[in-house]
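Side chains included, hydrogens not; waters and symmetry mates left out as well; all remaining heavy atoms used. Protein chains get the first letters and strands the later ones, always in sequence-line order, with residue 1 at the start of each.
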Amino acid sequence: MADLNDAQNEAIKYIDGPCLVLAGAGSGKTRVITQKIAYLIQQCNTPAHKIVALTFTNKAAREMKSRVSQIIKGSQSRGLTVSTFHNLGLKIIRSECKKLGLKSGFSIFDAQDSGQLIKELLLRDHDDAADLVQLLQSQISSWKNDLVRPSEAISYAKDSNELMAATVYEHYDRHLRAYNAVDFDDLILLPTLLFKDDPSVLERWQNRVHYMLVDEYQDTNTSQYLLVKLLTGVRCCFTVVGDDDQSIYSWRGARPENLALLASDYPKLKVIKLEQNYRSTRTILAAANHVIKNNPHVFEKRLWSELGVGDEIRIIQCKNEDQEAERTASALMSHKLRYNCHFQDYAILYRGNFQSRIIELKLQQLQIPYHVSGGTAFFSRAEVKDTLAYLRLVFNPDDDNAFLRIVNTPRREIGSSTLLKLGEYAQSRETSLFQASQEFGLQQILNQRNLERLLRFVHWIEKTQQNFETNCPAKAMKEMVDDTGYEAWLFEQNKNAKAAERKMENIQQLIDTVEKMTKKAEEEGDEASLKDIVNKLILRDLLEQQEEANDLDRVQLMTLHASKGLEFPYVFLIGMEEELLPHRNSIEENTIEEERRLFYVGITRAQRQLTLSLTSQRKTYGETSKTIPSRFLDELPEEGVIWENKDQPKPEEEKKAIAQTHLSHIRSLLGEGS
DNA sequence: GACAGATAAGTTTTT
DNA sequence: CTTATCTGTC
């Protein structure tokens with residue numbers, strides 16, 4: 001436990017009661033958590049399996065796990081729980097599903113599934129509901145995050161609109177249960193409500209948690225706050241770490257005031273501030289402090305650094321996004337060649353996922369290896385969603401969303417009118433589409449031919465279910481995909497065979513992943529249930545994991561949100577414009593402070609050098625329009641910041657670098673050829 | 001019931 | 001500029 005400062009040491013050794021660590025950016029908060037876990041296990045004889053550490057992202061959980069295992073020898077950390085809130089919730093729901101009225105194969109609805117369900121419910125009662133869906137979806141989500149149940153929402157409603165929304169909420173929840181499904185918010189909400197209502201269940205779980213640590217505490221919502229409070233109970237043995245300046249998730253229900261709430265809920269709360277920054281140069285830190293000064297603060301803190309002054313912050317002004325991408329890529333490349341760094345030392349950050357496209361293009365042109373993290377690209381692909389829907393239906397036949405998605409994909413000549421009739425029948429019988437398909441009464445409604453087609457599908461699903469019970473998951477999955485004739489259908493659909501091939505590769509990747517996960521689970525002695533794996537897939541763990549292993553030396557591309565908790569020697573932050581950062585909606589909704597924190601997060605990711613860029617015109621929806629420099633640029637200090645004018649010719653050095661890359665590329669091609 | 005072509009709509013951020 | 005949805009024809 002060498003090399004820790006006094007505050008860090010104090011935070012680690014204080015274990016007798018609730019502890020709040022206010023940790024500024026780069027102040028070593030992850031170190032505090034990992035070292036504290038080691039301290040608990042090695043010095044305090046706390047059994048590893050009674051310690052729970054919670055994070056918000058899979059990536060953070062993985063990182064923490066690996067850092068803990070670096071400190072303590074393998075066997076000692078066995079049984080330690082390091083997981084995301086959502087994964088812990090899933091674990092609790094899985095083992096308590098009977099109490100919650102769920103069957104074991106329950107599905108997890110992602111945001112898209114939820115949206116679809118809400119849309120359907122709205123269309124039943126209202127004519128033009130399309131633009132209401134998003135609004136209702138976020139309303140229902142906030143209700144769930146605030147522990148408001150449908151009945152309460154209905155009784156609190158003040159006008160007809162609110163009543164309508166609350167009614168949709170009630171229908172929505174009822175349908176979820178009927179589908180034997182939960183949504184993302186339920187993963188936290190259901191365990192919390194269960195613990196609140198059932199003391200015996202709560203006690204059982206409390207006994208499994210002797211000490212709890214929570215990372216990024218400013219991101220907790222009301223439901224998560226209560227979950228932690230309930231689980232830690234009267235023992236109050238927990239450490240939470242957070243930074244209100246890095247609160248960037250209030251749009252999804254996070255309550256940074258939970259930091260302050262803690263002090264009133266726990267009068268004995270020990271508050272420790274970490275103010276020494278070990279990450280960034282003084283120039284970068286000064287800029288970050290200067291910017292965040294514009295926000296009001298509950299907890300005052302002064303971040304300082306012992307590191308050198310370092311390079312100036314560069315601001316590159318470009319004509320358009322094309323040039324911005326080009327200059328970013330070439331500046332990166334010339335820097336890399338000059339200082340002989342690794343690609344993994346660089347990160348390119350942006351506000352929205354859509355901004356990665358042009359950058360990717362330019363990086364490809366310069367042969368720069370990169371990895372785009374986060375992003376829903378893979379999971380939003382039709383073929384991936386189809387395959388997952390097949391699995392969902394196999395394990396949970398009541399999942400009507402999955403049923404509708406794949407009942408006629410590939411074509412089984414089951415069309416919309418058949419499904420409409422089936423839907424009406426199922427509704428009247430109050431059962432799922434799958435169950436309804438097998439009912440006798442359906443003969444009255446559907447003609448012989450259509451009924452046969454439907455039953456053929458139902459029987460095939462049942463056959464597949466059996467196959468999954470007798471065969472190993474990956475094999476059964478492969479057979480399932482083969483059985484559907486999906487591949488042939490893809491080639492039929494896509495004129496160019498290449499696109500179809502790529503789609504099949506994506507499905508194969510899913511199968512490979514399942515195989516790997518199964519093997520891994522077996523090695524660790526867990527039950528290798530495909531149900532769990534599918535749910536983990538939907539929670540987005542795993543695939544990232546695989547990619548990470550392969551993507552060693554690559555430039556990292558990600559959103560500002562995704563970058564929180566990470567650090568890079570050299571950071572490029574692109575799109576410093578009004579309506580982008582701060583985002584247009586945030587300007588309208590007057591939530592500039594959160595955007596400022598987002599900028600703050602971006603700045604503080606950089607260890608040695610920070611480069612900002614902006615354009616004077618940008619293409620949106622295919623139309624170019626003028627842009628205004630971000631107001632945040634005005635908030636930077638004058639000292640230590642240099643502006644590069646757009647009219648300036650490209651620096652000679654960068655030109656040379658590009659030429660050199662091309663040359664070395666040609667050489668490598670020649671070399672391989674001979 | 002399938003499919004092509006037209007038209008409209010939409011990009012914040014994530015588990 | 002892409003993607004989702006609608007419409008009309010076969």
Nearest listed nucleotide, side chain of [X], among [options]:
X: A:Arg357; options: C:dT2, C:dC1, B:dT13; result: C:dT2
X: A:Lys119; options: C:dT5, B:dT15, C:dC1; result: C:dT5
X: A:Arg453; options: C:dT2, B:dT14, B:dG1; result: B:dG1

Using a heavy-atom cut-off of under 4.0 Å over every strand shown, decide if A:Phe85 touches base, sugar-phosphate, or nothing.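 Result for A:Phe85 = nothing.
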Please check if the distance between the ring centroids of A:Phe56 and A:Phe85 is under 6.0 Å.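 Between A:Phe56 and A:Phe85, the centre distance is under 6.0 Å.
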State which residues pass side-chain contact (heavy atoms from CB on, under 4.5 Å) with A:Asn295; sequence neighbours excluded, sorted by chain then number.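 A:Asn295: side-chain contact (heavy atoms from CB on, under 4.5 Å) contacts with A:Ile292, A:His297, A:Glu593, A:Arg596, A:Arg597.
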B:dT13 and C:dA4, which share atom name C1', separated by this distance in whole Å: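 Rounded to whole Å, the distance is 22 Å.
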Distance-only, no hydrogens or angles: does the A:Ser66 side chain make a donor-acceptor pair with backbone N or O of A:Glu63 under 3.5 Å?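 The answer is yes, because a donor-acceptor pair under 3.5 Å joins these two groups.
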Please check: side-chain N/O of A:Ser142 versus main-chain N/O of A:Ser138, any donor-acceptor pairing under 3.5 Å?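 Flag set: sc A:Ser142 to bb A:Ser138 pair under 3.5 Å.
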Does B:dA2 have its OP1 or OP2 closer than 4.0 Å to a side-chain nitrogen or oxygen of A:Asn408?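 For B:dA2, OP1/OP2 do have a side-chain N/O of A:Asn408 under 4.0 Å.
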Look at A:Thr418 and B:dG1 and indicate whether a side-chain polar atom (N or O) is within less than 4.0 Å of OP1 or OP2.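 Checking A:Thr418 against B:dG1: at least one side-chain N or O falls below 4.0 Å of OP1 or OP2.
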Check whether the aromatic ring of A:Phe184 stacks on the base of B:dT14, taking stacking as ring centres less than 5.5 Å apart and planes within 30° of each other.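 So A:Phe184 does not count as stacking on the base.
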Nearest-nucleotide 5' precedence on DNA chain B, A:Arg412 against A:Thr620: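 First, find each residue's nearest nucleotide; the 5'-ward one identifies A:Arg412.
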So which one's nearest nucleotide on DNA chain B is more toward 5', A:Asn585 or A:Asn450?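 The residue closer to the strand's 5' end, by nearest nucleotide, is A:Asn450.
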